Amino acid sequence: MRLATWNVNSINARLPLVLKWLEVAKPDVLCLQELKCVDEKFPAEEFTKLGYNSAVFGQRTYNGVAILSREASTNIQRGFPDDEEGAHARLIAATIKGVRVVNVYIPNGQFVGSDKYRFKLEWMRRLRRFFDESYETKERVLLCGDFNVAPEERDVHDPALWEGHVLFSKRERAALMNIKDWGFTDAFRLHTEEGGHYSWWDYRQGAFRRNNGLRIDHIWVSEPLAKDCKESWIDKEPRTWERPSDHTPVVARFRI
DNA sequence: ATGGTTGTAAAACAA
């Protein structure tokens with residue numbers, strides 16, 4: 001089974017690229033973030049034509065997450081169990097081939113010290129609590145998505161420049177490690193030690209051309225799944241296509 | 001350089 005995660009920055013603006021990528025990469029599961037549309041505007045029929053089922057949790061203008069899968073997914077959950085009405089559409093979970101797939105779009109945080117930064121840290125605390133209350137570490141659990149945090153210096157093109165800034169500040173990294181401490185392993189780091197591999201590049205200042213990026217999109221797995229993870233990579237090609245998302249897909253392959 | 005780019009949606013806001 002191949003699973004991928006991709007922040008598309010509007011599914012309708014990116015539809016031609018997503019369809020093209022599905023046809024060449026042929027993942028079994030594709031987790032999407034930043035749909036920027038309500039459920040009714042999600043182009044599910046286009047994915048049906050390529051053989052994918054859609055589980056969607058949309059929202060007007062901002063956020064929105066979805067899970068595409070060749071096999072039908074079961075037990076679809078939208079948002080945290082204790083979410084209030086109108087809460088951000090940032091989490092969708094579904095079971096596929098015995099794997100509990102949790103797809104998240106962690107808040108960006110705007111800048112360190114802002115209200116949105118505090119919201120990000122609180123959301124991350126809730127995500128850790130969600131795993132404590134919902135799953136056992138011996139189950140096959142997978143957490144993926146746009147985490148909006150680079151875990152380590154080797155995940156940042158210029159750590160000195162980024163130190164203390166949103167996406168790489170100490171409190172965000174601590175909040176991220178707290179989630180990881182539930183029992184996750186970074187699938188990408190099972191297979192690659194060196195730095196310089198990024199999943200996001202700012203649209204501005206030729207950041208992609210200069211490889212000024214961050215590794216902020218991740219696939220994390222519980223212990224039983226880590227044993228079955230054969231490969232993980234970042235597919236930079238869609239970032240070179242016309243009208244790209246600022247993120248590119250991250251992929252993992254499992255012996256399932 | 002107090003900037004730069006993109007998407008939504010119709011002027012700012014979010015990233």
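This structure is a prediction, so every number in the text was calculated from the model and none was measured. Letters go in sequence order (proteins before strands), and every chain restarts at 1.
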Q: Check the distance between B/dT5's P and A/Arg243's CZ and give it to me in whole angstrom.
A: 16 Å
Q: Suppose the criterion is salt bridge (Lys or Arg N to Asp or Glu O under 4.0 Å): which pairs have a residue in residues 231-246 of chain A, not counting sequence neighbours?
A: A/Glu231-A/Arg253
Q: Please work out which residues in residues 160-178 of chain A have a non-hydrogen atom less than 4.0 Å from an atom of DNA chain B and list them by number.
A: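 The stretch gives none, as no residue of it lies under 4.0 Å from the strand.
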Q: Return the set of residues passing side chain to side chain contact (heavy atoms under 4.5 Å, CB included) with A/Ala94 (not counting sequence neighbours), or none when no residue passes.
A: A/Ile67, A/Ser73, A/Ile76
Q: Can you check the A/Glu242 CD to B/dT5 P distance for me, whole Å?
A: 16 Å
Q: Expressed as a whole number of angstroms, how long is the span from A/Trp200:CH2 to B/dT5:C1'?
A: 11 Å
Q: Checking A/Glu172 against A/Val166 for the side chain to side chain contact (heavy atoms under 4.5 Å, CB included) test, could you report, in this order, the C-alpha distance in whole Å, the side-chain angles of both residues, the deciding distance, and whether it holds?
A: CA-CA 8 Å; A/Glu172 291 165 76; A/Val166 77; 3.9 Å; yes
Q: What does the B/S/- profile of nucleotides 9-15 of chain B look like, 5' to 3', with a 4.0 Å heavy-atom cutoff to protein?
A: SS--BSS
Q: Are the side chains of A/Glu163 and A/Lys170 in contact, using a 4.5 Å heavy-atom criterion?
A: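 Answer yes - side chains close enough.
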Q: Please name all residues satisfying side-chain hydrogen bond (donor to acceptor under 3.5 Å, both in side chains) with A/Arg90, sequence neighbours left out, ordered by chain then number.
A: A/Asn63, A/His88
Q: C1' atom, B/dA1 versus B/dA10: distance in rounded Å?
A: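 These two C1' atoms come out 29 Å apart once rounded.
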Q: Can you tell me if A/Arg14 touches the phosphate of B/dT6, counting only side-chain N or O atoms and a distance under 4.0 Å to OP1 or OP2?
A: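 So the side-chain polar atoms of A/Arg14 never come under 4.0 Å of the phosphate oxygens OP1 or OP2 of B/dT6.
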Q: Restricting to pairs with a member in residues 46-57 of chain A, which pass salt bridge (Lys or Arg N to Asp or Glu O under 4.0 Å), not counting sequence neighbours?
A: A/Glu46-A/Lys49
Q: Pairs in or reaching into residues 139-149 of chain A: which pass salt bridge (Lys or Arg N to Asp or Glu O under 4.0 Å), with residues at least two apart or in two chains?
A: A/Arg140-A/Asp228
Q: Starting at atom CH2 of A/Trp201, determine the distance to atom C1' of B/dG4, rounded to an integer number of angstrom.
A: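 Whole-Å distance recorded here is 19 Å.
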Q: With P as the reference atom in both, quote the distance from B/dA12 to B/dG3 in angstrom, rounded to an integer.
A: 16 Å
Q: Using the P atom as the reference point in each nucleotide, state the distance between B/dA15 and B/dA9 in Å, no decimals.
A: 15 Å
Q: For A/Leu167, what residues pass the side chain to side chain contact (heavy atoms under 4.5 Å, CB included) criterion, not counting sequence neighbours?
A: A/Asn108, A/Lys120, A/Asn148, A/Trp162, A/Trp200, A/Leu214
Q: Given atom CG of A/Asp202 and atom P of B/dG3, what is their separation to the nearest angstrom?
A: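 Rounding to the nearest Å, CG of A/Asp202 and P of B/dG3 are 15 Å apart.
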Q: Got a sec, which pairs hit salt bridge (Lys or Arg N to Asp or Glu O under 4.0 Å) with one end in residues 183-202 of chain A, sequence neighbours left out?
A: A/Arg154-A/Glu193, A/Asp155-A/Arg189, A/Asp186-A/Arg215, A/Asp202-A/Arg204
